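Since this is a predicted model, take the numbers as computed values, not measurements. Within every chain, numbering begins at 1; the chains are lettered A, B, ... in the order of the sequence lines, protein sequences first and strands thereafter.
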Amino acid sequence: MGEPYNPKEIEARWKDFWWERGFFRADIHDTERKFYYLNMFPYPSAKPHVGHGRNYILGDAITRYLLMRGYNVLNPMGWDAFGLPAENQAIRHGIHPRDWTMRNIAEFKRQFRDWGVVFDWDREIATCEPEYYKWTQWIFLKLYEHGLAYRAEAEVNYCPTCDTVLANEQAAGGRCERCNTPVEKKTLTQWFFRITAYAEELLRDLDDLDWPEHVKTMQRNWIGRSEGANVVFRSERGDEITVFTTRPDTLWGATFMVLAPEHPLVEKLTAPERRAEVEEYKRFAARQTEVERLSTEKEKTGVFIGAYAVNPVNGARIPIWIADYVLMTYGTGAIMAVPAHDARDFEFALKFGIPVIPVIAPPGGKAKSYVMAGTYREGLPGALREAGFAFEERDGALYVTLDEGDRERYIDLVRRYILPGSWTEVIGAGWQFVFSDSVLNVGSIEEEKAVLDKCRELEPSIRDKRTVAEMLWEVEFYRDLLFHDQRGTMINSGPLTGTPGDEAVKRTTEWLEEQGIGKFAVNYRLRDWLISRQRYWGAPIPIVYCDKCGIVPVPEEELPVLLPEVERIGLKGLAEIPEFVNTTCPTCGGPARRETDTMDTFVDSSWYYLRYISPHDDDKPFDPELVNAWLPVDLYVGGVEHAILHLLYSRFITKALRDLGYLSFGEPFARLFTQGMITYPAYWCPEHRWIPPAEVAEGKRCPHCGRDLEVSVVAMSKSKLNVVSPDELIERYGADTERLYTLFMGPPEKEIEWSEEGLRGAWRFLNRFWELLTGWIPRVKDAPAAFDPAALPEAARALWAKLNETIHRVTREFESERFGFNVAIAAIMEFTNALEDYLAKGEPDPALLRRAIRDLILLISPFTPFIAEELWSRLGEGGAVLEQDWPTYDEEALKLLAVEIPVQINGKVRARVKLPHDVAGDAEALKEAVLSAEEVRRHLAGRELVKVIAVPGKLVSLVVK
RNA sequence: GCCGGGGUGGCGGAAUUGGCAGACGCGCUGGACUCAGGAUCCAGUGGGGCAUAAACCCCGUGUGGGUUCGAAUCCCACCCCCGGCACCA
């Protein structure tokens, strides 16, 4: 009865309407009802696909809702336009990166328009424009002025594929974030931002952010705060070697020291006879890629440098080693090694024959003793049994497990049975060796040696064993007790012996401070942000090197330092353009050279949200008053892949600018929502590489060679040829269908697979919706607006109640944490179904129907704005959808309806009773009504009613016997 | 290994946060229209029992236990999956 749905025609009509009518232009001076909504701006690479759409469609829906709620919404868009892909294109095809980028930007903008996704285009920015990067350079200068940008020689990550250095964050796991190539280490002089100065604040402020927990956790892990102590050891010659440890309570168990191979003292301390080997090892360590070095699978390596250190707590003389498992970049680049209580040190000590001294009692209070066959006199098993010890006897050997408290009693007993020339051990809180003539403890390096010597003397077969630990390791039974890294009571620890595990670290730290040999210390995993990039397509670092004046910042009034226009970009970027490099010194006017590195593109994107406030201001990066009024961003939406990089850098820049006096807030994004990616099958043929899904026939074979294809469902990407283009789909079904399906697919924070069938479901719904509404609108256009819900017939009252419930459910999703528009749309579908049923039953109430249609159009409008705008214009109320108030929910409406109350009998639903709202809402009346209902009485016949629980409006639960 | 998030039909997922499990959609099955349909429309669809049907009953939210009149939801133990980090002292 309605018209056929023709989205092409409808969408063409409204495509430019919303922007032209100015609904999306924020009034920047009105901050009373402001709402700053922000999508992460894209890197404009090639054409957008339906996966990109998810982000922007979600934002557009939220923005439209907020506008109808009367907010002054700022929802700007811009382009993260500097970057490697553009430059690589340029090098390969001779296109200027700007041209390539601009072409892609145009493509994105066209796509947004087709999608009906509107932004405040007056505020568009592109980071590659001089009017933008002038201020990126300005920020660099400000940081430099305040010591937050500095140049230093450091070991850095270098990606041979991208031909540039990378920040730690961009080389996580030893691989280039962009191309996955293993990074190499190089020692270079580069520019850094001192993000570590903000480590503590970056960590602490996370607590108050309304961000997803997993993102906060990732940042916490990345910052990696740990508390402990710095302890000063000395070499035998007196050189101070400071170590950082999180376990000062294990200090008495240090049996060696390890320095990072690059540690400056290595040179000085290495004994002449060890030098060749040490140099060799240093070369070996430097040669490894980060991936190799970080591999935990790898066996420990290292060399002794021929020098000894003195443990300040007990004067023990311990050897100094170098090993690549100690990193120069963390802590002090040197560690004390406590093999008894650190897994890495244990592995190292076992391999290199270094003693292990237990200094922390293992939790659990159990000890073990293995008594070898033939080492004891007859009668021991019986004596043990009689004394109540638990043990197993296998092939004449005894495996005793005892409580720590029984240690003394056990030793007294077993000692009487041990044959001269033999021994047994008690392994637990401390290791004790029980000989027939003595009991020896392994509580220090000397004691360890004494025990070992004695055992080796008594038992020739173990003369190859270098340490007690190595000897004990042979006994499978003991293995789980030789090493542990838990907290426990301190043992063998001089004055602190006996300190319980829960205060051990604190008490030891205090003691160290009293003794003046150590200090409480905090360390972070976070390292300074390396921002230099040896590339062309980025913002030039505004620095000049003068032989006379040294490092000279480019004066503010000379900004921007423009990228030179060149015919063709070479592999060496700016360094191979003499016109750029050669300049004059701003200070002395003499000849000078420009810095040829450009900044990491993450610098560009670390402040763009500030620039939207005054995007075209040529005098300052942002208006201080407005920026403080509009920020922090109220809602920031983007992919979780930026959880560390972009989001951490932005937080740092915001805090730095605040401390420099430019901002009054310290966090840029008050609330963050991360949406999941859209995935699609990608097909891989070992010979023909990626195969577009459209070419893959039944059976998943390669169309070229017939080979079986490898299928993986992954995020859409151009390189894997598994993108779904919005163009064809909009051509066929219209943008509203894509929008509706995109939001209906599932909860937006979750990753989800695109499905053509699912899309058609949205298409079917919109057809039905369109036909229903266009059929009825002409008949209700002139119906009265006002009506009395209470006076409606029952079916109409039910529809009225359902409408109000629907408004409530849709509104709730906009106001919720999760933006569950899948549920909101389901509610709209449900109501549409209910409306169809109602209309099928007979003559509708015209006023109610008009109201239902009206609200329905408004409710669906954020999701499918085209169809909504078209239907609205036909309803004849005038104005545009975005000028209407969002429908409100009437609590009273539901009360007009009879309520169906489920009745549980012994926990199972046995009946349903329909009752008027006021009866169901009153506990007493409800109880009475239910108990007198026919179907309930049937179930109660002949049984004793024990208890009645009546929950008003919900249910009644009966307990019977 | 550590941290974070999860396990609900064939699938994506709902369930007003302790109150009718499986909304809505996809898929599937049957039917209608049709030369045809991978288009559209209608009906059915958690598993099982009973079975002509209505009705009724049992089981069921990863597993085992607990709290409660009542548990997908709360507590305890365990299993599995996903994501992040991982020689950071």
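With no hydrogens or angles considered, no side-chain donor-acceptor pair links A:Thr832 and A:Arg768 at under 3.5 Å. Between the side chains of A:Tyr5 and A:Thr737, no donor N or O sits under 3.5 Å from an acceptor N or O. If you check the side chains of A:Asp345 and A:Tyr325, you find a donor sitting under 3.5 Å from an acceptor. Side chain to side chain, A:Asp528 and A:Thr196 meet the donor-acceptor criterion of an N or O pair below 3.5 Å.
If you take CD of A:Glu738 and P of B:rG25, they are 21 Å apart, rounded to a whole angstrom. The CH2-C1' distance, from A:Trp754 to B:rC11, rounds to 17 Å in whole Å. Summarising the geometry, the separation between CD on A:Glu757 and P on B:rC24 is reported as 21 Å, rounded to the nearest angstrom. With rounding to whole Å, A:Glu641 atom CD is found 14 Å from B:rG83 atom P. Following rounding to the nearest Å, A:Arg818 (CZ) and B:rA14 (C1') show an atom-to-atom distance of 9 Å. Counting to the nearest Å, the P atom of B:rU16 and the CZ atom of A:Phe814 are 20 Å from each other. One atom, CG of A:Leu203, and another, P of B:rC3, lie 16 Å apart when rounded to the nearest Å. In this entry the distance linking CD of A:Glu830 with P of B:rC24 reads 5 Å, nearest Å.
The side chain of A:Ala826 has B:rC24 as its nearest neighbour among B:rC24, B:rG84, B:rC3. Relative to the side chain of A:Ser957, the nucleotides B:rG19, B:rG25, B:rA23 differ in distance, and B:rG19 lies closest. Considering only the side chain of A:Ile752, B:rG12 comes nearest among B:rC69, B:rG12, B:rC87. For A:Arg525, whose side chain is taken as the heavy atoms from C-beta onward, the closest listed nucleotide among B:rC85, B:rG84, B:rA89 is B:rC85. Nearest to the side chain of A:Asp324, among B:rC69, B:rA89, B:rC87, sits B:rC87.
Within the structure, every side-chain polar atom (N or O) of A:Arg220 is placed at least 4.0 Å from both OP1 and OP2 of B:rC85. The shortest distance between the side-chain N/O atoms of A:Asn767 and the OP1/OP2 oxygens of B:rA39 is not below 4.0 Å. Within the 4.0 Å cut-off from OP1 or OP2 of B:rA14, at least one side-chain nitrogen or oxygen of A:Asn822 is found.
In this structure, A:Leu955 reaches the bases: a heavy-atom distance under 4.0 Å links it to at least one base atom across the strands shown. Residue A:Arg760 is in sugar-phosphate contact alone, with no base atom involved, counting any heavy-atom pair closer than 4.0 Å across all strands shown. Across all strands, A:Lys216 comes closer than 4.0 Å to no nucleic acid atom at all (heavy-atom distances). When heavy atoms are screened at a 4.0 angstrom cut-off, A:Arg225 is found touching no nucleic acid atom at all. Across all strands shown, A:Thr245 has heavy atoms under 4.0 Å from sugar-phosphate atoms exclusively, and none from any base. Note on A:Asn523: nothing from the nucleic acid sits closer than 4.0 angstrom, heavy atoms only. If you check every strand for non-hydrogen atoms under 4.0 Å, A:Gly761 touches sugar and phosphate atoms only. Nucleic acid contact for A:Ser226: sugar-phosphate only, since backbone atoms but no base atoms lie under 4.0 Å from a heavy atom of the residue. Within the 4.0 angstrom heavy-atom criterion, no nucleotide atom of any strand lies near A:Pro212. Residue A:Arg764 is classed as a sugar-phosphate contact, given heavy-atom separations below 4.0 Å to backbone atoms only. Among the atoms of the strands shown, only primed sugar atoms or phosphate atoms (P, OP1, OP2) are found under 4.0 Å from some heavy atom of A:Val959.
For B:rC41, the paired nucleotide is B:rG31, the pair qualifying as Watson-Crick or G-U wobble because both relevant distances are below 3.5 Å. Base pairing analysis places B:rC56 opposite B:rG49; the two distances defining the Watson-Crick or G-U wobble pair are each below 3.5 Å. In this entry B:rU17 has no Watson-Crick or G-U wobble partner, no candidate having both defining distances under 3.5 Å. Under the Watson-Crick and G-U wobble criteria, each requiring two contacts below 3.5 Å, nucleotide B:rC85 is paired to B:rG1. Base pairing analysis places B:rG9 opposite nothing; no Watson-Crick or G-U wobble pair with both distances below 3.5 Å involves it. When both pairing distances are held under 3.5 Å, B:rA71 makes no Watson-Crick or G-U pair with any nucleotide shown.
Taking the P atom of each, B:rC78 and B:rA71 are spaced 24 Å apart, rounded to whole Å. The separation of B:rG64 from B:rU8, taken at their P atoms, amounts to 16 Å, rounded to a whole angstrom. Spacing of P atoms, B:rG13 relative to B:rG62, comes out at 15 Å, to the nearest Å. Separation of the P atoms belonging to B:rA14 and B:rG30 is 31 Å when rounded to the nearest angstrom. For B:rC56 and B:rC33, the P atoms lie 35 Å apart once the distance is rounded to whole Å. With both ends at atom P, the span from B:rC58 to B:rG70 equals 16 Å, rounded to whole Å. Annotation: B:rG22 and B:rG27 have their C1' atoms spaced 16 Å apart (nearest Å). For B:rG37 and B:rC28, the P atoms lie 15 Å apart once the distance is rounded to whole Å.
Between A:Val956 and A:Thr329, the residue anchored closer to the 5' end of RNA chain B is A:Val956, taking for each the nucleotide with the nearest heavy atom. Of the two residues near RNA chain B, A:Asn221 and A:Lys750, the one whose nearest nucleotide lies more 5' is A:Lys750.
Judged by distance alone, with hydrogens and angles left aside, the side-chain atoms of A:Asp736 form a donor-acceptor pair with the main-chain N or O of A:Ile867 at under 3.5 Å. Side chain of A:Arg651 to backbone of A:Leu202: a donor-acceptor contact under 3.5 angstrom is found.
Against the 90° criterion about 0, the sugar-base torsion of B:rU63 places it in the anti range. For B:rG9, the base is syn relative to its sugar; the glycosidic angle is within 90° of 0.
The 12-atom threshold is not exceeded at NZ of A:Lys914, counting heavy atoms of other residues, nucleotides or ligands nearer than 6.0 Å. Remark: A:Glu200 CD is packed, more than 12 non-hydrogen atoms of other residues, nucleotides or ligands lying under 6.0 Å away.
For the atom pair CD1 of A:Ile335 and CZ of A:Phe256, the computed distance is 6.5 Å after rounding to the nearest 0.5 Å.
Between the side chain of A:Gln904 and the base of B:rG19 there is at least one donor-acceptor pair of N/O atoms closer than 3.5 Å.
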